Undergrad: 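What follows is a structure written as structure tokens; I'll ask about it next.
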Amino acid sequence: MAAHGFKPMRHLAGGTIRTSEYTIAIDYDTAIYTGDPVKLVAAGGVEIAAAGAIVTGVFQGVNYRDGDGDVKFSAYWPGAVANATDVVALVIDDPFVTYSVFDDADSDFLTAADIGGCGNHVAGTGSAKTGVSGYMLDTSDCSNAQAGWKLIRKVNRPGNAYGAANDSQVEMEVWLNEPHYAPFTAGI
């Protein structure tokens with residue numbers, strides 16, 4: 001299986017999964033792909049959220065006006081688009097949305113005993129062709145300690161099994177455990 005970043009699955013309260021609009025600084029030169037976790041920055045926009053950062057939400061694409069004045073939609077922000085204006089990132093920022101994500105297929109295998117535990121995300125390589133994220137769940141730090149993502153269950157689909165060797169991945173349902181918009185969290 002290939003990673004697909006954090007792919008929205010369902011709303012825990014039965015609501016509709018929606019995106020909110022955020023800006024991306026025109027000179028932000030790091031690519032952001034659909035399914036990448038993002039964080040709010042002091043300038044008011046969003047950027048990639050490193051492992052351990054407070055996550056605002058999950059990126060779902062971007063609208064911007066190119067140098068010719070045409071409005072473009074892209075599944076990913078390639079980073080510092082020349083002459084772009086009106087950059088609007090679409091982000092799922094509702095902390096009650098769950099996501100499917102693959103583990104990172106290293107030697108720390110997820111098992112049923114990891115359900116209810118927490119883990120952080122780890123960067124992978126996104127695809128400029130599809131715009132899809134390469135982020136995964138970092139199995140090295142999955143435990144009962146507080147971390148960015150809570151493991152809910154193994155995604156129920158044929159062939160999805162817990163790991164048993166390097167390069168075997170399991171697809172898990174997770175939800176944001178340390179969201180920016182949770183009550184009683186610090187600001188940026």
Side-chain angles (χ1 to χ4, degrees), residues 1-24 32-41 44-63 73-77 88-104 110 112 114-124 126-127 130-139 142 144-160 162 169-188:
M1 287 290 163
H4 56 55
F6 290 86
K7 186 176 179 182
M9 287 187 68
R10 64 188 176 104
H11 193 283
L12 286 173
T16 302
I17 298 173
R18 293 184 173 93
T19 59
S20 295
E21 295 181 349
Y22 292 86
T23 60
I24 300 173
I32 309 174
Y33 298 90
T34 294
D36 283 356
V38 293
K39 67 178 182 174
L40 195 60
V41 294
V46 292
E47 295 179 356
I48 288 289
I54 298 297
V55 174
T56 299
V58 176
F59 185 80
Q60 297 295 295
V62 62
N63 292 310
F73 172 81
S74 178
Y76 80 107
W77 172 252
V88 177
L90 305 173
V91 177
I92 299 171
D93 59 4
D94 185 337
F96 293 103
V97 172
T98 71
Y99 302 89
S100 74
V101 64
F102 285 95
D103 74 22
D104 60 359
L110 291 178
D114 291 307
I115 301 300
C118 299
N120 284 310
H121 54 266
V122 62
S127 169
T130 65
V132 175
S133 173
Y135 271 77
M136 297 167 278
L137 189 65
D138 186 357
T139 59
C142 285
N144 61 357
Q146 186 166 334
W149 302 91
K150 177 88 64 174
L151 283 69
I152 298 174
R153 67 180 57 92
K154 179 175 60 112
V155 171
N156 185 16
R157 65 167 174 72
N160 189 34
Y162 290 109
Q169 291 180 289
V170 61
E171 186 178 9
M172 300 295 291
E173 182 178 8
V174 300
W175 71 300
L176 192 51
N177 190 50
E178 296 177 327
H180 176 77
Y181 290 116
F184 314 115
T185 58
I188 55 171

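FYI, the numbering just counts along the sequence from 1. Side chains included, hydrogens not; waters and symmetry mates left out as well; all remaining heavy atoms used. Just so it is clear, the structure is predicted and the values come from calculations on it, not from any experiment.
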Undergrad: Start with the C-alpha distance between Val174 and Phe6, add both sets of side-chain angles, then the distance that settles side-chain contact (heavy atoms from CB on, under 4.5 Å), and finish with yes or no.
TA: CA-CA 9 Å; Val174 300; Phe6 290 86; 3.9 Å; yes
Undergrad: Do Trp149 and Leu176 touch side chain to side chain, with heavy atoms closer than 4.5 Å?
TA: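 Heavy-atom side-chain distance check passes, below 4.5 Å.
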Undergrad: Please test Val38 against Ile32 for side-chain contact (heavy atoms from CB on, under 4.5 Å), starting from the C-alpha separation and ending with a verdict.
TA: CA-CA 8 Å; Val38 293; Ile32 309 174; 3.9 Å; yes
Undergrad: Within the side chain of Asp138, is there an N or O that forms a donor-acceptor pair under 3.5 Å with the backbone of Asn120?
TA: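 Checked: no pair found.
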Undergrad: Kindly give the heavy-atom pair with the smallest separation between Ala49 and Tyr135, and that separation in Å.
TA: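 Shortest heavy-atom separation between Ala49 and Tyr135 comes out as O-OH, 4.3 Å.
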Undergrad: Supply the atom-to-atom distance Glu178 CD to Lys150 NZ, rounded to the nearest 0.5 angstrom.
TA: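 Rounded to the nearest 0.5 Å, the CD-NZ separation comes out at 9.5 Å.
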Undergrad: Any side-chain heavy-atom pair from Tyr33 and His4 closer than 4.5 angstrom?
TA: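 A side-chain contact is absent here, since even the closest heavy-atom pair is not under 4.5 Å.
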Undergrad: Show me the side-chain donor-acceptor pairs of residues 8-19 shorter than 3.5 Å, one per line, residues at least two apart or across chains.
TA:
residue	atom	partner	partner atom	Å
Arg10	NE	Glu173	OE2	2.6
Arg10	NH2	Glu173	OE2	3.3
His11	ND1	Ala13	N	3.1
His11	ND1	Gly15	N	3.2
His11	NE2	Asp94	OD2	2.7

Undergrad: Quick one, His121 and Val55 - any side-chain contact, counting heavy atoms below 4.5 Å?
TA: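 Answer yes - side chains close enough.
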Undergrad: Please evaluate residues Thr56 and Asp93 with respect to the criterion side-chain hydrogen bond (donor to acceptor under 3.5 Å, both in side chains), reporting the C-alpha separation (whole Å), side-chain torsions for both, the decisive distance (0.1 Å), and the verdict.
TA: CA-CA 6 Å; Thr56 299; Asp93 59 4; over 6 Å; no
Undergrad: Grab the two heavy atoms, one from Gly134 and one from Ala3, that are nearest each other, plus how far apart they are.
TA: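 Closest pair (atom of Gly134, atom of Ala3, distance): O-CB, 3.7 Å.
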Undergrad: In Å and rounded to the nearest 0.5 Å, what is the CG to NZ distance from Asp103 to Lys154?
TA: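 Spacing of CG (Asp103) from NZ (Lys154) equals 12.0 Å.
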Undergrad: For a quick test of reading the model, state the closest non-hydrogen atom pair linking Ala53 to Lys39 and the distance between them.
TA: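 Looks like CB-CD, 4.4 Å.
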Undergrad: Calculate, to the nearest 0.5 Å, the distance between atoms OG and OH belonging to Ser133 and Tyr76 respectively.
TA: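 Between atom OG of Ser133 and atom OH of Tyr76 there are 13.5 Å.
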Undergrad: Go through the steps to decide whether Leu137 and Leu151 satisfy the test side-chain contact (heavy atoms from CB on, under 4.5 Å), and finish with yes or no.
TA: CA-CA 10 Å; Leu137 189 65; Leu151 283 69; 4.0 Å; yes
Undergrad: For residues Ala89 and Val46, report the shortest heavy-atom separation together with the two atoms involved.
TA: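 Shortest heavy-atom contact: CB-CG2, 4.0 Å.
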Undergrad: Nearest 0.5 Å please: distance from the OG1 atom of Thr139 over to the CG atom of Leu110.
TA: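 Rounded to the nearest 0.5 Å, the OG1-CG separation comes to 5.5 Å.
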Undergrad: Considering all heavy atoms of both residues, which atom of Leu90 and which atom of Glu21 are nearest to each other, and what is their separation?
TA: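 The pair with the smallest heavy-atom distance is CD2-CG, 4.0 Å.
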Undergrad: Roughly how far, to the nearest 0.5 Å, is OG of Ser100 from CD1 of Ile152?
TA: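 Going from CD1 on Ile152 over to OG on Ser100, the span is 11.0 Å.
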Undergrad: Atom CG in Asn160, atom CZ in Phe102: separation rounded to 0.5 Å?
TA: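 If I round to the nearest 0.5 Å, the distance is 6.5 Å.
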Undergrad: Would you call Phe59 and Ile24 a side-chain contact if the rule is heavy atoms closer than 4.5 Å?
TA: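 Yes. Closest side-chain heavy atoms under 4.5 Å.
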